[in-house]
Amino acid sequence: MTTAETAPPPSMRLRELVFGAACAAALRTAARLGVADAVGDSPVSVEDLATAVKTEPQPLRRLLRALSCYGVFAEQPDGAFAHTDMSRLLREDDPHSLRYITLWCTEPWTWDAWPRLDEAVRTGRNVVEDLYGKEFFQYLNEDAPESALVFNRAMTTSSAQSAQDVADFLDLSGSSSVADIGGGQGHVVASLLEKYPALHGTLLDLPRVVENADPRLRPGGALAERVNVVPGDCRVAVPVRADVYIIKNILEWDDDSTARTLRNVREAGGPGTRVVVIENLVDDTPSMRFSTAMDLLLLLNVGGAKHTTDSMVRRLTAGGLVVEDIRPVNPYLHAFDCTVPA
């Protein structure tokens, strides 16, 4: 266990930090090769593992040795490697899998964009449009379909894993309808409908997103009779009336897009409507190292930002909402419970 007495000196720690790209690349490589999937419940020799994932044994040993320094896999006295709690999260079949998050955060475009962070910091603008000549999601869907697929799988995984936490957290016992705005494939609204059998739900997101909605919400699904799936862009309009609106992890765009979304929700719901905004924060949370890194990545790709508590409150207030309560949903998410004033 690292303590103040055994922690590496500043010079060593800084050297480790500047080689952070090596760690990210090693994690990406392990995810792409399926190394974690090939390691079972018992330690496995590098030779057998190399055969399973179709690599050379010696370079694979070097990869695993590097990762084991960070607690991802564990080298045994005989040179075999075993799983750790972190390496299991790279497995495709783990219920808490971070395989696609790992791939998404290390996609090819990220290696083009990170070296230009100084440019983004100087100008406050994203660098992707200069790199590829088009807006980020347009580039992703038109020029990088494999990366777009990784993005969709990463967002699906993340949403599915947090949906139950959100459903457990929210008390909608006095409501008859809920709308998930920009809700992806609808995991949150599905979890809420399962929790509240009398509740009616709506899922609103882009057409290409909702066409792959959670099977529970599609025609013939277990919840289909209690949900409307609406294709649309919440920055343009919110043609949905509900008692409660949920906006989760989408107010990370430029300020104008955020303002338009909040205005559209406010006008759709009307006075007295409850609006619950759920976001990662970059201040005073256990996930700050991850969320601050994602904050910089948002600056690079869309010119957006993660929020502090204060900056989120300012945006919600400027958007015409009254913030009633702020509470953590889990170590990664905070909920801002708001109302539309009379």
Side-chain angles (χ1 to χ4, degrees), residues 21 24-25 27-34 36 89-94 96-114 116-117 120 126-163 180-188 203-215 229 231-235 247-254 257-258 261 278-280 287 290-306 332-333:
L27 286 165
R28 177 176 179 81
T29 299
R32 283 174 61 84
L33 291 174
L89 297 175
L90 291 175
R91 289 184 61 95
E92 183 112 23
D93 61 359
D94 190 277
H96 305 290
S97 176
L98 295 177
R99 181 173 186 265
Y100 284 104
I101 296 293
T102 299
L103 292 172
W104 169 241
C105 293
T106 56
E107 280 295 281
W109 66 267
T110 67
W111 303 94
D112 292 338
W114 280 121
R116 299 194 179 205
L117 182 58
N126 78 75
V127 303
V128 163
E129 290 186 47
D130 290 337
L131 277 170
Y132 304 120
K134 54 185 69 174
E135 179 267 341
F136 177 66
F137 284 106
Q138 182 184 1
Y139 158 75
L140 206 64
N141 287 289
E142 293 179 359
D143 301 339
E146 289 186 8
S147 191
L149 181 62
V150 167
F151 171 74
N152 290 334
R153 287 182 174 176
M155 295 305 101
T156 297
T157 298
S158 179
S159 178
Q161 290 172 354
S162 63
D180 194 359
I181 305 303
Q185 296 177 333
H187 298 105
V188 168
L203 170 65
L204 171 71
D205 211 319
L206 298 172
R208 59 179 169 78
V209 177
V210 297
E211 68 184 14
N212 295 310
D214 189 306
V229 178
D233 186 339
C234 59
R235 294 170 294 182
I247 307 174
K248 177 176 174 287
N249 277 352
I250 63 170
L251 298 184
E252 301 168 344
W253 307 303
D254 58 277
S257 295
T258 294
T261 297
I278 300 172
E279 288 286 341
N280 302 114
S287 62
F290 173 74
S291 58
T292 53
M294 286 300 299
D295 179 51
L296 295 178
L297 194 61
L298 283 166
L299 172 62
L300 289 171
N301 65 359
V302 295
K306 293 285 185 182
Y332 302 95
L333 296 170

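Both backbone and side-chain heavy atoms feed into the values below; hydrogens, waters and symmetry mates do not. Fair warning: this is a prediction, and the values are worked out from it, not measured in the lab.
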Any Lys/Arg nitrogen of Lys134 or Asp143 sitting under 4.0 Å from an Asp/Glu carboxylate oxygen of the other? yes
Do the ring planes of Tyr139 and Tyr132 sit parallel (below 30°), tilted (30 to 60°) or perpendicular (above 60°)? parallel
Step-by-step side chain to side chain contact (heavy atoms under 4.5 Å, CB included) determination, Phe290 to Asn280: CA-CA 10 Å; Phe290 173 74; Asn280 302 114; 5.6 Å; no
Grab the two heavy atoms, one from Lys306 and one from Ser291, that are nearest each other, plus how far apart they are. CG-O, 3.7 Å
What distance separates Ile101 CD1 from Arg99 CZ, expressed to the nearest 0.5 Å? 12.5 Å
CD of Glu142: more than 12 outside heavy atoms within 6.0 angstrom? yes
Check Ile181 against Cys234 and note the closest heavy-atom contact, atom names and distance. CG2-CB, 3.4 Å
For the residue pair Arg28 and Pro108, what are the closest heavy atoms and their distance? NH2-CD, 3.7 Å
Nearest 0.5 Å please: distance from the CG atom of Asn152 over to the CG atom of Asn212. 7.5 Å
Testing the basics here: between Ser287 and Tyr332, what is the closest heavy-atom pair and its distance to 0.1 Å? CB-CD2, 3.4 Å
Closest approach of Thr261 to Arg235 (non-hydrogen atoms, all atoms of both residues): OG1-CG, 3.4 Å
Minimal heavy-atom distance between Arg91 and Ser97, with the atoms involved, is O-OG, 2.7 Å
Does a side-chain heavy-atom distance below 4.5 Å link Leu297 with Met294? yes
Please answer whether the main-chain N or O of Ser158 pairs with a side-chain N or O of Ser162 as donor and acceptor at a distance below 3.5 Å. yes
Checking side chain to side chain contact (heavy atoms under 4.5 Å, CB included) for the pair Val302/Val128: CA distance, chi angles, key distance, verdict? CA-CA 7 Å; Val302 295; Val128 163; over 6 Å; no
Kindly indicate whether the side chain of Asn126, heavy atoms from C-beta on, has any atom under 4.5 Å from the side chain of Phe136. no
From Ile250 CD1 over to Asp205 CG, what is the distance, rounded to the nearest 0.5 angstrom? 7.5 Å
Trace of the side chain to side chain contact (heavy atoms under 4.5 Å, CB included) decision for Thr102 with Leu90: CA-CA 8 Å; Thr102 299; Leu90 291 175; 3.6 Å; yes
Supply the atom-to-atom distance Gln185 CD to Met155 CE, rounded to the nearest 0.5 angstrom. 11.0 Å
Going through the distances and angles, do Asn301 and Phe137 end up as a side chain to side chain contact (heavy atoms under 4.5 Å, CB included)? CA-CA 9 Å; Asn301 65 359; Phe137 284 106; 5.9 Å; no
What is the distance from atom CG of Leu251 to atom CD of Glu279, rounded to the nearest 0.5 Å? 5.0 Å
Measuring from atom CG of Leu89 to atom CG of Leu98, what distance do you get when rounded to the nearest 0.5 angstrom? 5.0 Å
Heavy-atom side-chain contact between Leu27 and Thr106 under 4.5 Å: no
